[in-house]
Every structure is written in structure tokens, then in C-alpha cells.
Amino acid sequence: HAEIPDRTAYILNRTNSNPYPYLLEDCLMLQEAGAKLIAIPCNTSHYFLPQLNQKVKVPIIDMQKEAAKALKKLKLQKVGVMATSGTVATGLFQNALRAEGIDCFLPPNPVQSRIMDIIYSNIKAGVMPNQAEFDEVSDCFWKNDCEAIILGCTVLSMLKEIFELIDNFVDALDSAA
């Protein structure tokens with residue numbers, strides 16, 4: 001549903017319309033159509049999952065919990081989260097990782113700003129990001145002893161194949177699937 005207002009803008013600044021009614025409408029439509037399970041392919045949208053679960057009878061996959069469970073199976077101790085500032089601000093990954101006993105690294109603000117540029121100024125704007133810049137951003141995580149980086153924004157998922165990212169990049173979308 002491409003017309004859902006930007007989740008990050010709403011979460012951080014309340015500058016957009018509330019995305020929740022759109023998400024609820026879509027989930028209820030899927031429920032009425034007979035869906036037995038719902039997957040929301042936007043990490044930031046999971047901020048609204050508790051509200052949705054109160055109104056929707058069909059189970060909704062929790063992408064962050066699924067990613068954390070996958071990481072636990074890999075016996076990782078510390079992972080970084082590469083996601084929108086909205087997702088980071090909600091604590092979705094931090095809470096899911098903590099529940100599985102995994103330390104979470106969040107990049108400092110200048111690096112987080114670069115991640116937002118890659119997501120919004122590049123990918124969402126239809127411009128292929130520069131792999132060297134992506135690698136520089138990733139280096140921040142490796143230099144802080146992360147064993148893996150969660151690609152915690154659906155638009156970052158496409159970079160795994162395009163940039164041929166090595167196995168220590170974990171795609172939250174893959175975990176949900």
C-alpha cells in the first residue's frame with residue numbers, strides 16, 4: 001500500500017498523518033479476504049503492531065522478533081542495526097535482541113544520518129547508492145565489534161544482492177519470510 005504516510009516522519013516528528021489507520025485498514029481487508037497470517041514488509045510499521053494486534057484476529061508476523069530468533073540460532077553476541085531513525089527510535093530491534101540475550105549496537109548520529117541518506121536520498125529516490133559509502137557506513141559497525149549487521153529497513157534488503165553483501169548481513173525481511 002504505497003500511499004501509507006511515512007512512518008519515520010510520523011514517529012519522530014508527528015509531521016505526517018498517522019499511518020496506523022492505513023495499516024489497520026489493510027490488515028482488516030486481508031483478514032476479511034481469508035488470510036491466515038499477515039506479514040508487514042516494513043520494519044518501521046511494526047511500531048504499530050501492538051495496536052494492530054488488538055484489532056486484528058489474524059496473527060501478524062513480528063519481523064524484529066523473527067530476526068532476533070534467527071540471530072540467536074547463529075549464537076551471535078553483538079549485532080548492529082542499520083535501519084531508519086524511526087525504527088531505531090522505537091526500540092523495536094533493541095528490545096527483540098535484548099529478549100534473545102544479544103547485545104545491540106546503534107551507530108552514532110553522524111553515521112545514522114548517512115544511513116538515512118542512503119535510504120531516503122538514494123534508494124527511495126530511485127538513485128542507486130554508492131557502494132563505497134555503504135561500505136564506510138558498515139565499517140562503523142565492524143569497528144565496534146559487531147558480528148553481524150541487521151538490514152532493518154526493507155529498502156536496504158535489495159542491497160544484499162546488488163552489493164553481494166557477505167553472510168554477516170542479516171536481512172530482517174528474510175527472517176520474517
Side-chain angles (χ1 to χ4, degrees), residues 2 4 6-9 11-12 19 23 38-49 60-177:
I4 295 176
D6 187 89
R7 282 73 55 209
T8 292
I11 291 166
L12 295 180
L23 293 164
I38 296 173
I40 300 172
C42 169
N43 285 276
T44 312
S45 289
H46 285 70
Y47 169 74
F48 302 97
L49 197 57
I60 303 171
I61 296 170
D62 186 320
M63 195 172 343
Q64 288 79 27
K65 285 183 181 177
E66 293 302 322
K69 285 194 267 184
L71 289 162
K72 183 174 180 127
K73 287 180 186 175
L74 297 173
K75 300 182 191 291
L76 300 180
Q77 302 294 314
K78 183 177 182 180
V79 300
V81 175
M82 190 181 291
T84 66
S85 296
T87 298
V88 170
T90 64
L92 293 167
F93 279 107
Q94 299 92 304
N95 295 333
L97 292 168
R98 188 178 313 112
E100 296 295 340
I102 301 170
D103 288 334
C104 177
F105 172 77
L106 301 175
N109 288 336
V111 176
Q112 181 61 37
S113 292
R114 290 177 74 189
I115 293 168
M116 288 293 286
D117 284 343
I118 290 169
I119 293 169
Y120 281 89
S121 300
N122 290 130
I123 301 170
K124 287 189 176 206
V127 177
M128 179 56 62
N130 179 305
Q131 184 162 4
E133 181 178 4
F134 181 83
D135 291 343
E136 278 182 36
V137 167
S138 300
D139 283 344
C140 172
F141 293 89
W142 309 135
K143 288 177 182 175
N144 283 279
D145 301 321
C146 293
E147 299 168 276
I149 298 172
I150 296 173
L151 297 173
C153 176
T154 307
V155 299
L156 292 174
S157 299
M158 65 185 244
L159 297 182
K160 189 169 184 185
E161 185 173 318
I162 292 169
F163 289 164
E164 298 178 3
L165 300 177
I166 53 179
D167 291 337
N168 50 358
F169 284 87
V170 175
D171 185 353
L173 195 56
D174 286 345
S175 298

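Nothing here was measured: the structure is a model prediction, and the numbers come from that model.
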Just by modelled atom types, is the A83 backbone N or O under 3.5 Å from a matching donor or acceptor in the Q112 side chain?
yes

Given F48 and I40, is the side chain to side chain contact (heavy atoms under 4.5 Å, CB included) satisfied, shown in steps?
CA-CA 11 Å; F48 302 97; I40 300 172; over 6 Å; no

When rounded to the nearest 0.5 Å, the distance separating CD of E136 from CD of Q131 is 12.0 Å

Taking the side chain as every heavy atom from C-beta outward, state whether S121 and V127 have any atom pair closer than 4.5 Å.
no

Determine whether K160 and D174 satisfy the following criterion, side chain to side chain contact (heavy atoms under 4.5 Å, CB included), listing intermediate values before the conclusion.
CA-CA 11 Å; K160 189 169 184 185; D174 286 345; 4.0 Å; yes

Nearest heavy-atom pair of T8 and S85: which atoms, and what distance?
CG2-C, 4.5 Å

Would a 4.5 Å heavy-atom cut-off, applied to side chains only, mark W142 and N168 as touching?
yes

Do P108 and C140 come within less than 4.5 Å of each other through their side chains, counting heavy atoms only?
yes

What heavy-atom pair brings P107 and I115 nearest, and what distance separates the two atoms?
CG-CD1, 3.8 Å

Pairwise distance CE(M158) to CZ(F163) - rounded to 0.5 angstrom
8.0 Å

Is the shortest side-chain heavy-atom distance between I149 and L165 below 4.5 Å?
no

Picking from L156, V155, I150, T87, what satisfies side chain to side chain contact (heavy atoms under 4.5 Å, CB included) with N43?
T87

Could you give the distance from CD (E147) to CG (D103), rounded to the nearest 0.5 Å?
9.5 Å

Quick check: closest heavy atoms across I11 and G86, and the distance to 0.1 Å?
CG2-O, 4.1 Å

Note, Q64 side chain near L49 side chain (heavy atom, < 4.5 Å):
no

At their closest point, which heavy atom of F141 faces which heavy atom of M82, and how far apart are they?
CE1-CE, 3.8 Å

Any idea which heavy atoms bring E66 and I61 closest together, and the distance?
CG-CG2, 3.8 Å

Are I102 and Q77 close enough that some pair of their side-chain heavy atoms sits under 4.5 Å apart?
no

Taking every heavy atom of R7 against every heavy atom of T44, the minimum-distance pair comes out as CB-CG2, 3.5 Å

Flag, side chain of K78 to backbone of F105, donor-acceptor distance under 3.5 Å
no

Considering only heavy atoms from C-beta outward, does the side chain of F134 approach that of N122 to under 4.5 Å?
no

What's the separation between atom NE2 in H46 and atom CZ in F93, rounded to the nearest 0.5 Å?
8.5 Å

Would you compute the distance between atom NZ of K65 and atom NZ of K72 and round it to the nearest 0.5 angstrom?
14.0 Å

Step by step, would you call V79 with L97 a side chain to side chain contact (heavy atoms under 4.5 Å, CB included)?
CA-CA 9 Å; V79 300; L97 292 168; 3.5 Å; yes

Set out, in order, the CA-CA distance, both residues' side-chain angles and the distance that settles side chain to side chain contact (heavy atoms under 4.5 Å, CB included) for E100 and L71, then state yes or no.
CA-CA 9 Å; E100 296 295 340; L71 289 162; over 6 Å; no

Distance from S113 atom OG to I118 atom CD1, nearest 0.5 Å?
11.0 Å

